[in-house]
Amino acid sequence: MKLTVVKVGGGIVESEASLQALLDKFARIEGLKVLVHGGGRSATKIAEQLGIAQTMIGGRRITDAETLKVVTMVYAGLVNKNIVAQLQARGVNALGLTGADMNVIQSHRRAPKNTKMEDGSMQLIDYGFVGDVDQVNADLLADLIAKGVVPVISPIGHDSKGSLLNTNADTIASEVAKALSRSFEVTLMFCFEKKGVLMNPDDDDSVIPSITSSDFPRLVEEGVVSGGMLPKLENSFSAIEHGVSEVVITHADNIDVAEAGTHLTK
């Protein structure tokens with residue numbers, strides 16, 4: 001059976017009009033589906049209002065103890081439950097989940113790692129309470145999906161020792177898609193406010209229609225793929241290598257347009 005895993009970024013979540021349009025289209029997707037959401041911009045805004053400084057490196061958030069409280073409140077609370085309520089209003093039997101709920105996603109705290117900085121230098125970075133996924137309980141998710149439930153997953157994991165961990169939402173989507181590909185024919189869609197991967201970031205129409213795994217290193221070297229797009233493509237190709245049938249990066253308005261966006265292949 002076919003299953004569509006849709007990841008929606010924080011830029012769409014923050015805009016009420018964009019979110020409503022996305023959820024209308026998501027509700028009309030035929031067949032089985034899962035929604036994974038971010039909310040990073042909302043978390044950043046609230047953190048700044050609370051006087052909690054935020055640091056991003058390579059598109060990923062440094063999560064200290066106070067930031068962990070903020071992202072948990074925003075991702076697992078405000079954003080997740082708003083999406084669930086909106087989907088219920090559209091007749092979609094949605095269930096909001098974090099990784100801790102029903103032990104659906106187990107993670108471990110990321111060890112400090114050498115990271116390439118914007119100036120090209122390498123530095124040892126401690127990301128704080130950031131999680132890397134160890135396993136996804138695909139059997140449990142598949143059972144929920146088979147019962148007509150649509151999981152709505154926020155990017156908060158746990159380490160099975162009582163600690164919550166902030167996890168990149170693209171990573172969550174990729175790992176969920178990979179795990180479910182053992183039971184379903186999975187299409188993974190990353191939808192956000194751009195039309196796809198752009199050759200020129202200043203030209204919204206410069207969409208690269210397809211990228212192969214051999215193209216990827218060259219695009220990184222040339223600086224075409226950088227910042228937050230870098231982990232998105234890393235997760236995309238990881239998903240393809242582990243059984244996901246297709247990955248599409250597209251505008252939220254185009255999740256129902258087959259030829260739109262950037263299509264990732266081996």
Side-chain angles (χ1 to χ4, degrees), residues 1-9 11-12 21-38 59 87 92 105 133 135-136 138-139 141-142 144-146 149-153 155 167-199 204-220 224-225 228-266:
M1 290 188 293
K2 292 185 177 182
L3 170 72
T4 303
V5 176
V6 175
K7 187 269 176 176
V8 56
I12 303 302
L22 180 281
L23 295 179
D24 283 341
K25 292 178 181 293
F26 180 80
R28 291 197 294 268
I29 292 176
E30 295 183 0
L32 308 174
K33 51 199 172 188
V34 175
L35 183 63
V36 179
H37 66 82
L87 287 175
V92 177
I105 301 173
V133 175
Q135 66 179 37
V136 175
D139 290 342
L141 282 176
L144 288 173
I145 292 166
V149 173
V150 175
V152 177
I153 303 175
T167 304
N168 180 273
D170 289 345
T171 301
I172 293 286
S174 176
E175 293 298 329
V176 166
K178 287 191 289 187
L180 290 173
S181 69
R182 296 193 293 269
S183 302
F184 304 98
E185 181 183 342
V186 177
T187 295
L188 172 59
M189 301 187 74
F190 291 106
C191 58
F192 64 144
E193 62 270 27
K194 298 293 184 180
K195 295 180 180 179
V197 181
L198 304 179
M199 180 61 71
D204 286 347
D205 292 323
S206 64
V207 177
I208 304 173
S210 64
I211 300 174
T212 66
S213 56
S214 59
D215 294 330
F216 181 43
R218 173 178 57 81
L219 293 173
V220 173
V224 174
V225 175
M229 188 58 70
L230 182 58
K232 194 180 299 292
L233 264 68
E234 289 173 343
N235 286 307
S236 295
F237 284 112
S238 177
I240 291 169
E241 291 170 3
H242 291 85
V244 172
S245 299
E246 181 181 25
V247 178
V248 182
I249 299 175
T250 190
H251 195 285
D253 290 344
N254 295 330
I255 65 172
D256 54 349
V257 180
E259 65 275 14
T262 301
H263 295 248
L264 286 296
T265 59
K266 287 187 177 180

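Just so we're clear, the structure is a prediction, and the values are computed from it rather than from any experiment. Only heavy atoms go into these numbers, but all of them, side chains included; no hydrogens, no water, no symmetry mates.
Going from atom CD1 of I240 over to atom OG of S174 covers 9.5 Å, rounded to the nearest 0.5 Å. Separation of atoms CG (L144) and CG (L32) is listed at 12.0 Å; rounding is to 0.5 Å. Once rounded to the nearest 0.5 Å, the distance linking CD1 of I29 with CD1 of I255 reads 4.0 Å. The OG1 atom of T262 sits 6.0 Å away from the CD1 atom of I208 when rounded to the nearest 0.5 Å. The structure places CD of E30 at 10.0 Å from OG1 of T4, a figure rounded to the nearest 0.5 Å. Here C191 contributes atom SG and L35 contributes atom CG; the two are 7.5 Å apart, rounded to the nearest 0.5 Å.
In this structure the side chain of I145 reaches within 4.5 angstrom of the side chain of L180, judged on heavy atoms. Between V197 and L219, every side-chain heavy-atom pair lies at or beyond the 4.5 Å cut-off. Contact annotation: the side chain of L230 approaches that of F216 to within less than 4.5 Å [non-hydrogen atoms, C-beta and beyond]. V176 has its side chain within reach of I105: a pair of non-hydrogen atoms, C-beta onward, lies under 4.5 Å apart. Between E234 and S238, the closest side-chain pair of non-hydrogen atoms is not below 4.5 Å.
Summarising the geometry of A169 relative to V36, their closest heavy-atom pair is O-CG1, 3.7 Å, with the distance given to 0.1 Å. Nearest heavy atoms, L198 versus V224: O-CG1, 3.5 Å. Here the closest heavy-atom approach between residue S213 and residue P217 is recorded as O-CD, 3.2 Å. The minimum heavy-atom distance linking A173 with K7 is given by the pair CB-CB, 3.7 Å. A pairwise comparison of heavy atoms in P151 and L141 identifies CG-CD2, 4.1 Å as the closest pair. Heavy-atom minimum distance, P155 versus G38: CG-CA, 4.5 Å.
The pair K195-D204 does not meet the salt-bridge criterion, since no charged nitrogen lies less than 4.0 angstrom from a carboxylate oxygen.
Panel note: side chain T187, backbone E246; no donor-acceptor pair is recorded below 3.5 Å. Proximity of a side-chain donor or acceptor of K194 to a complementary backbone N or O of I249 within less than 3.5 Å is not detected. Remark: side-chain polar atoms of K33 are paired, donor with acceptor, to backbone N or O of F26 under 3.5 angstrom. Panel note: side chain H263, backbone A258; a donor-acceptor pair is recorded below 3.5 Å.
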Next item on the list: Test V257 against T250 for side chain to side chain contact (heavy atoms under 4.5 Å, CB included), laying out the working first.
Entry: CA-CA 9 Å; V257 180; T250 190; over 6 Å; no
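D215 and T212 share a side-chain donor-acceptor pair at under 3.5 Å.
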